[in-house]
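Remember, it's a predicted structure, so these values are computed and weren't measured experimentally.
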Amino acid sequence: MRVCQSVVTERCQVLSLPSTHATRRLERRRRFGRVQCSRDDGVERMAQNSANEGLDCWTILQEFTKAEFKGTASTTYLQSKTSREVIRNAFFEAIQSRHDEIQWNPASSPVLLGILASDVRLAMRSLRDYTAALSVEFVPPDSTIPLPQIQGSVYIRYKSSMTTRARGTSPPPSHLVDGEQEQEQNQDNKKKNKNDQGERIVQCTISSYSGNDRGVLVQLGTLQIGHLPLGLLDEAMANPPAPIS
């Protein structure tokens with residue numbers, strides 16, 4: 001019975017966003033700076049039934065973020081499997097779509113994640129799922145304490161940014177590289193996620209968190225989205241637990 005209750009509780013945690021409105025603004029500003037979303041009380045377009053027909057993915061995510069900022073997302077956008085699927089589909093479409101107005105390019109823009117979870121296991125599961133969706137490297141966060149020994153709520157800050165290749169530099173011509181060197185070079189390039197614009201550098205840290213927010217903040221260009229549910233991308237928890245050792 002305890003095992004069943006634990007599974008149900010964990011699934012509830014990854015799909016809900018418990019938070020207090022009083023501390024939300026201060027905590028979010030501390031993590032990513034001032035939130036760029038409207039304070040007006042306009043009608044929130046719900047992600048249910050046909051309410052979102054004709055809305056593009058970016059509008060859906062912005063409306064969700066406004067609702068989450070007001071503390072109403074869990075009742076308007078996340079209360080049913082269908083509504084969560086709309087948010088999930090909008091997220092997948094957005095991260096794959098270039099958006100010049102907000103300076104988002106999936107191939108080269110920095111990726112910034114802020115993951116707030118009740119324990120390190122849920123945080124690592126979300127980090128693994130969201131980095132996979134965004135096609136960036138999954139790396140364990142730097143920590144002075146072994147991850148399995150971390151107790152209580154945690155905050156993971158993840159940043160994957162693209163360095164710029166120095167002007168005038170280029171890979172050596174193929175005729176100057178022998179077969180063994182070429183193979184090693186290809187492996188190094190794969191590890192560093194290199195492309196024509198440079199390489200991705202990943203920074204990932206973990207710290208204790210005493211606030212009430214739960215979920216994932218995602219920075220796409222100049223647009224901040226969330227908090228998205230921790231388990232939005234794997235609602236059935238079909239994937240194995242993420243490694244924390």
Identify the two heavy atoms, one from I60 and one from A90, that lie closest to each other, and give their separation to 0.1 Å.
CG2-CB, 4.0 Å

Judged by modelled atom types alone, do T72 and T75 share a side-chain donor-acceptor pair under 3.5 Å?
no

With heavy-atom distances below 4.5 Å as the criterion, would you say the side chains of L232 and Y130 are in contact?
yes

Let me confirm one number: the CZ-CG distance from R157 to L217, rounded to the nearest 0.5 Å.
11.5 Å

Are F138 and V202 side-chain neighbours, meaning at least one heavy-atom pair lies under 4.5 Å?
no

Heavy atoms only: give me the nearest L220-L134 pair and the separation to one decimal.
CD2-CD2, 4.2 Å

Euclidean distance, I156 CD1 relative to L122 CG, rounded to 0.5 Å:
10.5 Å

Measure the spacing between CZ of F91 and CG of L61 and express it to the nearest 0.5 Å.
8.0 Å

Of all the heavy-atom pairs spanning F64 and A73, show the shortest one and how long it is.
CE1-CB, 3.7 Å

Before you tell me yes or no, could you show the steps for L223 and Q62 under side chain to side chain contact (heavy atoms under 4.5 Å, CB included), namely the whole-Å CA-CA distance, both residues' side-chain angles and the distance that decides it to 0.1 Å?
CA-CA 9 Å; L223 179 65; Q62 286 177 307; 3.8 Å; yes

Check against side chain to side chain contact (heavy atoms under 4.5 Å, CB included), S135 and I95:
CA-CA 10 Å; S135 298; I95 62 178; over 6 Å; no

Side-chain contact, heavy-atom cut-off 4.5 Å: L233 with F92?
yes

Derivation and outcome, side chain to side chain contact (heavy atoms under 4.5 Å, CB included), residues D119 and V154:
CA-CA 6 Å; D119 62 56; V154 297; over 6 Å; no

Look at the side chain of D234 and the backbone N and O of N239, then say whether any donor-acceptor pair between them is shorter than 3.5 Å.
yes

Main-chain N/O of P106 paired to S109 side chain as donor or acceptor, under 3.5 Å
no

Under the side-chain contact (heavy atoms from CB on, under 4.5 Å) test, which residues partner Q203, sequence neighbours left out?
K159

I need the I150 CD1 to I145 CD1 distance, nearest 0.5 Å.
6.0 Å

Work out which heavy atom in G114 is nearest to a heavy atom in Y155; give both atom names and the distance.
CA-CE1, 3.6 Å

Roughly how far, to the nearest 0.5 Å, is the CD1 atom of I115 from the NE2 atom of H227?
11.0 Å

When you check the side-chain N and O atoms of S153 and R214, is any donor under 3.5 Å from an acceptor?
yes

Assign the ring pair H99 / W58 to parallel, tilted or perpendicular, where the plane angle (0 to 90°) is split at 30° and 60°.
perpendicular

side-chain hydrogen bond (donor to acceptor under 3.5 Å, both in side chains) filter on S160, not counting sequence neighbours, yields R200

For a 4.5 angstrom cut-off between non-hydrogen side-chain atoms, does C204 reach D142?
no

Looking at every non-hydrogen atom in both residues, tell me the closest pair between S80 and S83 and how far apart they are.
O-OG, 2.9 Å

side-chain contact (heavy atoms from CB on, under 4.5 Å) filter on E85, not counting sequence neighbours, yields R88, N89

Begin from the C-alpha positions of T222 and W104 and carry the test side chain to side chain contact (heavy atoms under 4.5 Å, CB included) through to its verdict.
CA-CA 8 Å; T222 59; W104 168 247; over 6 Å; no

Using side chain to side chain donor-acceptor pair (under 3.5 Å), reason through S126 and D129 one step at a time and then give a plain yes or no.
CA-CA 5 Å; S126 292; D129 293 344; 5.8 Å; no

Nearest atoms (heavy-atom pairs only) where M124 meets P243:
CE-O, 3.4 Å

Answer whether the closest heavy-atom distance between the side chains of R121 and I244 falls below 4.5 Å.
yes

